[in-house]
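Beneath this line is the structure, given in structure tokens, with notes to follow.
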There are 2 protein chains.
Amino acid sequence: MARTGIPDIVIGRLPLYLRSLIRLQQGGAIFTSSYELGQMLGISSAQIRKDLSLFGEFGKQGTGYNISSLTAELRRILHTDHEWPVALIGVGDLGRALAHYGGFVNRSFRITHLFDNDPAKIGQHIDGLEVLSVDLIEKTIKTANIKVAMLATPIDEAQAVADTLVRAGVEAILNYAPTVLLVPENVHVQDIDPVIHLQRMVYYLEPPA
Amino acid sequence: MARTGIPDIVIGRLPLYLRSLIRLQQGGAIFTSSYELGQMLGISSAQIRKDLSLFGEFGKQGTGYNISSLTAELRRILHTDHEWPVALIGVGDLGRALAHYGGFVNRSFRITHLFDNDPAKIGQHIDGLEVLSVDLIEKTIKTANIKVAMLATPIDEAQAVADTLVRAGVEAILNYAPTVLLVPENVHVQDIDPVIHLQRMVYYLEPPA
DNA sequence: TTCAGTGTGTGCTTTATATCACAATCCGTA
DNA sequence: TACGGATTGTGATATAAAGCACACACTGAA
């Protein structure tokens with residue numbers, strides 16, 4: 001299958017398809033259609049068909065898509081057909097919330113390592129995981145062969161931690177610090193900054209008197 | 001100024017420009033250029049100039065942009081030149097983390113109301129704010145004229161809460177529940193689902209043995 | 001003044017993304 | 001078996017977004 005030549009914007013939609021399919025499956029449905037999926041997601045049916053067609057022919061004319069087999073295909077395509085261990089750096093309020101969050105496991109990710117630089121936090125246990133010193137990031141992550149990390153440190157430490165993660169072999173960073181991380185080309189970063197989203201929305205609102 | 005006819009994708013970049021400008025300003029810089037901003041953000045200078053040109057002429061040839069005046073312009077454009085009160089629904093781990101987060105206030109948002117449906121949480125105080133019953137959402141938000149909300153409830157309650165928020169007059173919802181919210185056309189939603197981001201990134205990674 | 005260096009704003013071109021619309025195919029029914 | 005209704009996969013078209021490249025303008029130095 002082509003790992004390259006697929007637009008990134010298409011890759012970004014696949015997880016949404018997957019999420020909706022699982023929703024449908026939980027509702028007991030066996031088949032769905034590009035039209036139904038599109039309705040759920042606010043996306044045109046043609047777009048969904050075209051996206052999927054980049055990877056193969058998964059549907060049947062007149063019938064639509066078998067939900068469980070399309071789910072399996074998408075998982076295979078996205079590499080979420082097995083569980084990825086994830087390192088979480090920074091166990092402040094946000095880091096703790098992420099550590100407690102139950103939504104990772106059944107969606108192919110599991111936080112397996114916690115790190116912080118605060119001596120008061122190091123050695124604590126959160127949901128059975130010990131908080132380790134950031135000094136151990138490189139060695140630990142290399143040994144465990146971890147490729148995915150979530151970065152939830154204060155902004156001023158984010159770049160230094162990212163550099164360490166990269167040295168340790170991490171190739172995907174989910175960045176909660178409100179700053180741009182500089183990383184090598186082969187490392188992927190996705191940013192989550194709630195304020196960016198809020199600012200983007202209030203553009204469309206009437207400013208209150 | 002045209003509130004319409006500006007591509008949404010451009011609006012999405014403006015908060016990034018703003019964030020970088022503030023960063024530069026904190027570093028003591030007075031002027032910057034589209035090239036420098038582009039370097040910080042991984043965006044071409046032409047793109048930045050073109051985006052800004054949709055709203056006016058803010059730069060000076062040969063000199064670039066005065067950071068503080070461009071910052072002010074962007075704030076005005078984005079309607080973040082004043083503080084928006086925000087309601088937060090759901091004070092589980094994530095909701096608490098958001099309530100504690102110090103990054104909203106100096107970026108034009110302030111959480112002013114907390115809601116939950118758990119009797120054990122209602123009445124508690126978090127950073128001086130009392131947790132109110134979700135039954136009070138409609139009345140309270142209407143009275144306070146709140147237009148922006150963050151939704152951090154479990155997935156199964158998200159749509160019902162969103163409906164309530166819409167009835168209360170909310171027009172911008174930052175949705176942390178991993179589901180698509182159905183809302184009227186005039187209501188804006190932005191989704192934050194960390195798993196979506198993770199799944200999107202691991203597509204590009206070698207699946208571990 | 002003049003000139004070299006710098007950086008904007010923008011028309012034009014290229015590239016990327018989304019939509020349209022329909023032949024081909026499948027299912028269920030009679 | 002034949003037919004009506006449904007839905008895919010996709011070539012062709014349309015729309016949207018990004019990049020190019022340059023005239024013009026400003027600065028500072030001589």
Side-chain angles (χ1 to χ4, degrees), chain A residues 1-17 20-21 24 29-74 77 200 203-204, chain B residues 1-17 20-21 24 29-74 77 200 203-204:
Chain A
M1 171 195 323
R3 219 31 20 203
T4 195
I6 309 279
D8 187 56
I9 196 161
V10 172
I11 304 306
R13 281 190 292 261
L14 299 185
L16 298 171
Y17 301 162
S20 291
L21 285 167
L24 287 169
I30 305 297
F31 279 88
T32 186
S33 65
S34 59
Y35 178 79
E36 185 180 36
L37 268 178
Q39 287 292 106
M40 289 178 74
L41 288 163
I43 289 176
S44 82
S45 62
Q47 172 118 84
I48 292 175
R49 292 199 300 280
K50 191 146 251 186
D51 285 353
L52 296 176
S53 77
L54 293 173
F55 298 95
E57 307 195 354
F58 306 127
K60 218 187 289 185
Q61 277 124 332
T63 306
Y65 301 90
N66 177 292
I67 292 173
S68 77
S69 75
L70 183 55
T71 298
E73 291 287 354
L74 285 178
I77 292 166
R200 181 178 183 157
Y203 167 82
Y204 297 97
Chain B
M1 172 197 322
R3 220 31 22 202
T4 196
I6 308 280
D8 187 56
I9 197 164
V10 172
I11 304 305
R13 282 191 293 263
L14 299 185
L16 298 171
Y17 300 163
S20 291
L21 285 168
L24 286 169
I30 305 297
F31 279 88
T32 186
S33 65
S34 59
Y35 178 80
E36 184 179 38
L37 268 178
Q39 286 293 105
M40 291 178 73
L41 288 163
I43 290 177
S44 80
S45 62
Q47 173 117 83
I48 293 175
R49 291 199 300 280
K50 193 151 249 187
D51 285 352
L52 296 177
S53 78
L54 294 172
F55 298 95
E57 307 195 357
F58 306 127
K60 217 187 289 186
Q61 276 127 332
T63 307
Y65 301 90
N66 177 291
I67 292 174
S68 77
S69 74
L70 183 53
T71 297
E73 291 288 353
L74 286 177
I77 291 166
R200 180 178 185 158
Y203 166 83
Y204 296 98

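In the text below, chain A, chain B and the rest are named by the order of the sequence lines, each starting its count at 1.
- With values rounded to the nearest 0.5 angstrom, B:Lys60 atom NZ is found 14.5 Å from B:Ser33 atom OG.
- Atom pair B:Gln47:CD and C:dC12:C1' shows a separation of 16 Å (rounding to whole Å applied).
- Counting to the nearest Å, the P atom of D:dT8 and the CG atom of A:Asp51 are 13 Å from each other.
- For the pair A:Gly12 and A:Pro15, the tightest heavy-atom approach, listed with the atom from each and the gap, is O-CD, 3.5 Å.
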Please produce a list of atom pairs where a protein N or O lies less than 3.5 Å from an N or O of nucleotides 20-23 of chain C.
residue	atom	partner	partner atom	Å
C:dA21	N6	A:Arg49	NH2	3.2

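- Within 4.0 Å of A:Tyr35, counting heavy atoms only, lies no atom of the nucleic acid at all.
- A:Ile11 has its CD1 atom 15 Å from the P atom of C:dA16, to the nearest Å.
- Within the 4.5 Å cutoff, the side chain of A:Ser69 has no heavy atoms near those of the A:Phe58 side chain.
- Atoms CZ (B:Phe58) and C1' (C:dG7) sit 17 Å apart, rounded to a whole Å.
- Taking all atoms of both residues into account, the shortest heavy-atom contact from B:Leu37 to B:Thr32 is N-OG1, 4.2 Å.
- A:Ile6 places its CD1 atom 14 Å from the C1' atom of C:dA16, with the value rounded to the nearest Å.
- The distance from atom CG of A:Asp8 to atom P of C:dA16 is 13 Å, rounded to the nearest whole Å.
- Not counting sequence neighbours, the partners of B:Ile43 by the side-chain contact (heavy atoms from CB on, under 4.5 Å) test are B:Arg13, B:Tyr17, B:Leu41, B:Gln47, B:Ile48.
- Within 4.0 Å of A:Ser45, counting heavy atoms only, lies no atom of the nucleic acid at all.
- Distance check, rounded to the nearest 0.5 Å: CD of B:Gln39 to OG of B:Ser45 gives 9.0 Å.
- To the nearest 0.5 Å, atoms CG (B:Leu52) and CG (B:Leu14) are separated by 7.0 Å.
- For B:Ser34 and A:Lys60, each mapped to the nucleotide of DNA chain C holding its nearest heavy atom, the one lying further toward the 5' end belongs to B:Ser34.
- Residue contacts shown for A:Ile9 are limited to sugar-phosphate atoms, with no base heavy atom under 4.0 Å away.
- A residue-by-residue look at A:Gly62 and A:Ile43 shows that A:Ile43 has its nearest nucleotide of DNA chain C further toward the 5' end.
- For the pair B:Phe31 and B:Gly64, the tightest heavy-atom approach, listed with the atom from each and the gap, is CD2-C, 4.4 Å.
- At whole-Å resolution of the value, CD1 in A:Ile30 and P in C:dC27 are 15 Å apart.
- If you take CG of A:Leu52 and P of C:dA18, they are 14 Å apart, rounded to a whole angstrom.
- Considering every non-hydrogen atom in both A:Ile11 and B:Arg200, the closest pair reads CG2-O, 3.8 Å.
- A close approach under 4.0 Å does not occur between any side-chain nitrogen or oxygen of A:Tyr65 and OP1 or OP2 of D:dA6.
- Looking at every heavy atom in both residues, B:Phe55 comes nearest to A:Tyr203 through CE2-OH, 4.0 Å.
- Within residues 66-74 of chain A, no residue approaches DNA chain D, by heavy-atom distance under 4.0 Å.
- For B:Glu57, taking side-chain heavy atoms from C-beta onward, the closest of the listed nucleotides C:dA18, C:dT10, D:dG9 is C:dT10.
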